[in-house]
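A short worksheet on the structure shown next.
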There are 2 protein chains.
Amino acid sequence: MEAVMNLSRKEQVIRMAAELFREKGYAASSMRDLAQKLGIEAASLYSHIKSKEEILRSLCFDMAAEFRKSLEDVEKQNVSASEKLRLGIIGHISVMAKDLTASAVFMNEHRHLSGPFLRDFLLLRINYINRFKAIIEEGTKNGEFKENIDTKLSVMTLFSSLNWMPQWYNPDGKIDSVNIGQQLSDMLVNGLKKQKA
Amino acid sequence: MEAVMNLSRKEQVIRMAAELFREKGYAASSMRDLAQKLGIEAASLYSHIKSKEEILRSLCFDMAAEFRKSLEDVEKQNVSASEKLRLGIIGHISVMAKDLTASAVFMNEHRHLSGPFLRDFLLLRINYINRFKAIIEEGTKNGEFKENIDTKLSVMTLFSSLNWMPQWYNPDGKIDSVNIGQQLSDMLVNGLKKQKA
DNA sequence: GTTTTTAACTAACATCTGTTAGCCGTATTA
DNA sequence: TAATACGGCTAACAGATGTTAGTTAAAAAC
């Protein structure tokens with residue numbers, strides 16, 4: 001149970017760091033800034049974390065794991081491509097909505113990961129994207145979507161929309177995350193779907 | 001005429017800075033890094049620019065001006081809302097394609113502008129977005145688009161897609177910028193357009 | 001051919017950076 | 001009650017940061 005308390009305080013540090021990184025960016029955030037937000041001295045942070053980058057790593061890879069998990073659940077389902085896409089979008093947005101701050105860091109600050117960690121992160125990311133791409137391709141092959149679609153453009157458009165949400169979405173507003181996922185997928189899918197002219 | 005040469009060298013500095021800021025981010029880019037890219041000493045940079053932030057300012061505000069100009073040309077035209085949207089999208093992408101590096105900086109690094117400059121920038125930006133929003137609203141009012149659209153979501157989706165382009169678009173690839181704008185607007189507009197069921 | 005401009009240099013500044021070492025009070029555990 | 005771990009502290013480091021001052025060689029303008 002010491003471990004629990006330890007984690008609890010450590011996660012408090014990480015959460016504050018996430019807020020800071022989101023506001024000012026990773027590189028512009030100093031350990032002294034972070035310490036001040038917590039009301040302690042900079043050196044005291046190192047009782048809880050090993051380095052500044054360790055914080056970024058845990059933020060990025062924890063989010064990546066949640067995104068992955070969410071998509072895996074969707075892939076198991078035996079439904080049409082457009083339905084899979086819809087569920088994938090809603091899942092992604094739900095994961096983001098659970099921690100918008102970490103999501104913003106995940107997507108804006110990951111490039112400050114060093115060397116092999118950055119590499120690993122990018123591999124996870126491209127894998128995730130490719131699995132969405134596969135869903136779209138499945139839809140074009142079985143006739144759900146238009147045949148002359150540029151898959152890369154489509155999937156990048158989808159991802160752009162998803163990834164910028166933390167920048168403008170207000171979780172206290174009138175529109176909740178499932179609703180927003182629903183509308184977004186409607187908007188994109190109906191743009192992709194072959195129309196019965 | 002001295003001014004011309006001066007500008008020419010100054011712009012060389014700014015261009016290199018744009019590349020650096022894009023790769024590493026503004027905060028993580030040092031003046032010594034920049035100097036090294038140019039083969040000179042850090043202090044020598046100050047013969048050409050007043051400060052690090054001045055570089056960022058000129059990058060951000062120059063791009064903002066070009067976006068604005070492009071949209072103004074479109075607004076003058078007397079065409080349908082969906083056509084205006086199409087032209088606006090193509091215009092935006094064309095401006096970006098003319099300088100993808102500066103575009104990436106414009107959109108990822110503007111937050112490091114200080115105080116009043118950041119404020120001015122954000123005002124320009126929201127104005128630009130609102131003018132796109134107005135086009136979409138025009139379309140919903142005159143029956144071109146579905147009535148039950150969430151305008152904010154739509155315009156944010158559009159912007160996300162546009163703004164992330166510099167991250168993945170390869171200008172040497174097979175698909176040119178007008179083509180991409182065409183496809184993107186097709187994808188979005190046909191998602192918005194009322195469908196003759 | 002003298003003056004001016006351009007574009008670079010060296011040296012140095014004050015401050016900020018991430019991080020380590022070693023110490024100490026308080027609360028939990030044995 | 002003694003031992004341990006938690007969470008903080010101060011002091012300090014070695015290096016990086018943006019920027020200024022003053023200088024100088026070469027090129028352009030007069």
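The analysis underlying the following values was restricted to heavy atoms, covering all of them including side chains, and did not include hydrogens, waters or symmetry mates. Note on naming: letters A, B, ... go to the chains in the order of the sequence lines (proteins, then strands), and numbering restarts at 1 for each one.
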Quick one: is C/dT6 close enough that its OP1 or OP2 comes under 4.0 Å of any side-chain N or O from B/Ser47? no

Would you say a side-chain N or O of B/His48 is under 4.0 Å from OP1 or OP2 of C/dT6? no

Whole angstrom value for the distance that separates [atom2] of [N] from [atom1] of [X]:
X: A/Ile55; N: C/dG18; atom1: CD1; atom2: C1'; answer: 11 Å
X: B/Glu54; N: D/dG18; atom1: CD; atom2: P; answer: 15 Å
X: A/Met31; N: C/dT20; atom1: CE; atom2: P; answer: 10 Å
X: A/Ile40; N: D/dT10; atom1: CD1; atom2: P; answer: 12 Å
X: B/Lys52; N: D/dA16; atom1: NZ; atom2: P; answer: 15 Å
X: B/Tyr46; N: C/dA8; atom1: OH; atom2: P; answer: 15 Å
X: A/Lys50; N: C/dT20; atom1: NZ; atom2: P; answer: 11 Å
X: A/Leu45; N: D/dC9; atom1: CG; atom2: C1'; answer: 12 Å

Would you mind telling me which of C/dA7, D/dA12, D/dT17 lies closest to the side-chain atoms of B/Arg9? C/dA7

If you only use heavy atoms from C-beta on, which nucleotide in D/dG7, D/dG18, D/dT19 is closest to the side chain of B/Ala42? D/dT19

Check every strand shown and say whether A/Ser44 touches a base, only sugar-phosphate, or nothing at a heavy-atom separation below 4.0 Å. base

Nearest atoms (heavy-atom pairs only) where B/Ala42 meets B/Arg32: CB-CG, 3.6 Å

Does A/Ala43 or A/Ala28 map to a spot on DNA chain C nearer the 5' end, using the closest nucleotide for each? A/Ala28

Does B/Leu38 or A/Ser29 map to a spot on DNA chain C nearer the 5' end, using the closest nucleotide for each? B/Leu38

Taking the six-membered ring for Trp and the full ring for Phe, Tyr or His, determine whether the centres of B/Phe121 and B/Phe106 are under 6.0 Å apart. yes

Check ion pair A/Arg131-A/Glu72 (N to O, under 4.0 angstrom): yes

Identify whether the distance between the nearest side-chain nitrogen and carboxylate oxygen of A/Glu19 and A/Arg22 falls below 4.0 Å. no

Answer with yes or no whether the hydrophobic clustering places A/Ile90 together with A/Leu100; edges join I, L, V, M, F, W, Y residues whose side-chain heavy atoms lie under 4.5 Å apart. no

